[in-house]
Amino acid sequence: MEGEGSGVVTVYGNGAITETKKSPFSVKVGLAQMLRGGVIMDVVNAEQARIAEEAGACAVMALERVPADIRAQGGVARMSDPQLIKEIKRAVTIPVMAKARIGHFVEAQILEAIGIDYVDESEVLTLADDANHINKHNFRIPFVCGCRNLGEALRRIREGAAMIRTKGEAGTGNIIEAVRHVRSVMSDIRVLRNMDDDEVFTFAKNIAAPYDLVMQTKQLGRLPVVHFAAGGVATPADAALMMQLGCDGVFVGSGVFKSGDPAKRARAIVQAVTHYSDPEVLAEVSCGLGEAMVGINLNDVNVERFANRSE
Amino acid sequence: MAVVGVLALQGSFNEHIAALRRLGVKGVEIRKPEQLHTVTSLIIPGGESTTMAKLAEYHNLFPALREFVRMGKPVWGTCAGLIFLANKAIGQKTGGQDLVGGLDCTVHRNFFGSQIQSFETELSVPQLASQEGGPETFRGIFIRAPAIIEAGPEVQVLADYPVSSDRLLSFDSSIKDKMENTEEESKVIVAVRQGNILGTAFHPELTADTRWHSYFVKISMEIGEETLSSLVPAQVSTNHNQLAPIDLPIFQ
């Protein structure tokens, strides 16, 4: 550790906390910036990864089970077999992401060792630690984390996340939670932007986020890292909705490969994200996609809320 | 005001537009072939080159882009954009991908490897510094970056980066012969210019240093001098009527 023996607490200045020698934060955030305006798709084997790449996905998320299956089958969901992730990595040239359980830093170390491009510390998997997240500054690979509101997003960034996604409600094919979470983040930022500087201290305390990041968000008028939508995107229209609400890109989990015609739907969602503000293109790509994934009504109290698993 | 088109299919187009704005130049988003007629120069940003190629193919952009390059209009490709502009690319996905071409060189996609090998370095850029002033080095951010492993005689090298030569060999056996008599340390090319085509393997749009952008805008100005007056300033993108898009911070 740098600063050891100095007997002084290192303050945020000079990037002391966010900077590691081998992989500066700029490089971590940089990859996320290259993914902007793109779609990241969940895939469970090399064949699906190829379909996603052919459709124009900007990255794939390598998994053993898509969230819809995790939901249906229950039990403990863990990091995927590294063998499977390696196979997927070999099959495509686009970046490959993989999920680690929240707080399970050894799973993250394993993913780093096999040279994955991004780790998703995900609430979709069963929690490994219900109090702490992974200290993401200790890794050279970048992390993406979920959030439901601004406070949660900034806490994850302070822990070292270089990319943020909404939590939504994965595996439901129901966009309502993702909309709620994006709206919550965006409206908090709008409130923050119009706030007197004197009020920011209390605001930071109320949303339980580090003051410096709250202030940076206020100045920028957006999250200080790339912000994707995730959790419940099933149609091109859903994807374009998230883009118009202000997201930088979209994760599609079960929505593609749980539908009738995955290749066509994947391609349509990719186009919808690029042309999100052009209803004519959206109409064109939304035609004849076959069956969408079966949705789950979130008014049902028996549906487990993945989003509420972590704070 | 000068106007530069930025191909906005996917990737870091917002960052390019923001860098241009810092120079007082308007960047307009280009998503469709007909929008290319409204600009005299174009930046192809970083992103996933396969994704951008797919999207370009869906909307039939390739013929228009090739025509744009062939007419000698200034084009600058960063990272994925450099791959687009190369005449030949290796290390592509199964089935290959379409290229625009025009730049006489061979580019190795993902030359430096996956994200864990992504890095930041100070590149020596004498050419750029002599024209644009500032320090002799430029902060190069390489993200799953490509590299130029072979360049034609017409191509002017603006920056290179040292790598070990066995690394170069392991990637491509066809260049083995040429490398035989070189020493251990070798170099790959990371920034080039050929006529009005500019290519960088790194991402100037992710830094606060706008010298590459200014260099490119000057190329466009030289060319566009006569045509500039006849230019109708962009009513291209529908997004531009809204508030100026907000950008990510630049991490120092």
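Here is how names work: the chains are called A, B, and so on, in the same order as the sequence lines, proteins then strands, and each is numbered from 1. These values consider heavy atoms only, across backbone and side chains, with no hydrogens, waters or symmetry-generated copies.
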### Message
I'd like to know if the side chain of D117(A) and the backbone of Q115(B) have a donor-acceptor N/O pair within less than 3.5 Å.
### Response
yes
So, for [X] and [Y], which heavy atoms are closest and what is the spacing to 0.1 Å?
X       : Y       : answer
G115(A) : S114(B) : O-OG, 3.5 Å
T93(A)  : N110(B) : O-ND2, 3.3 Å
A8(B)   : T274(A) : O-CG2, 4.0 Å
Q10(B)  : R36(A)  : NE2-O, 3.1 Å

### Task
Side chain from CB out, backbone as N, CA, C, O: work out which of these in L9(B) comes under 4.5 Å of a heavy atom of chain A, or both, or neither.
both
#### Entry: Heavy-atom proximity to chain A below 4.5 Å, by part of A53(B)
neither
Check: [Y] and [X] side chains under 4.5 Å, non-hydrogen atoms:
X       : Y       : answer
L31(A)  : S118(B) : no
P95(A)  : E48(B)  : yes
M34(A)  : H203(B) : yes
I143(B) : Q33(A)  : no
H59(B)  : Q271(A) : yes

Which portion of [X] sits near chain B, non-hydrogen atoms under 4.5 angstrom:
X       : result
V270(A) : both
A91(A)  : backbone
R267(A) : both
V281(A) : side chain

### Y58(B) OH to H275(A) NE2 distance, which is reported to the nearest 0.5 Å
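NE2 of H275(A) is found 11.0 Å from OH of Y58(B).
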Crowded around [X] [atom1]? As in, over 12 foreign heavy atoms under 6.0 Å?
X       : atom1 : result
E47(A)  : CD    : no
E34(B)  : CD    : yes
K218(A) : NZ    : yes

### Query
Salt bridge check: are R31(B) and D278(A) linked by an N-O gap of less than 4.0 Å?
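No, no charged N to carboxylate O under 4.0 Å.
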### Any residue meeting side-chain contact (heavy atoms from CB on, under 4.5 Å) with A113(A), in chain and number order, not counting sequence neighbours
none
### Query
Can you name the residues that form a side-chain contact (heavy atoms from CB on, under 4.5 Å) with T121(B), not counting sequence neighbours?
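For T121(B), the residues satisfying side-chain contact (heavy atoms from CB on, under 4.5 Å) (neighbours in sequence not counted) are F119(B), L123(B), F142(B), Y161(B).
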### Summary
Among R144(B), Q97(B), K54(B), the residue with the most heavy-atom pairs under 4.5 Å to chain A is R144(B)
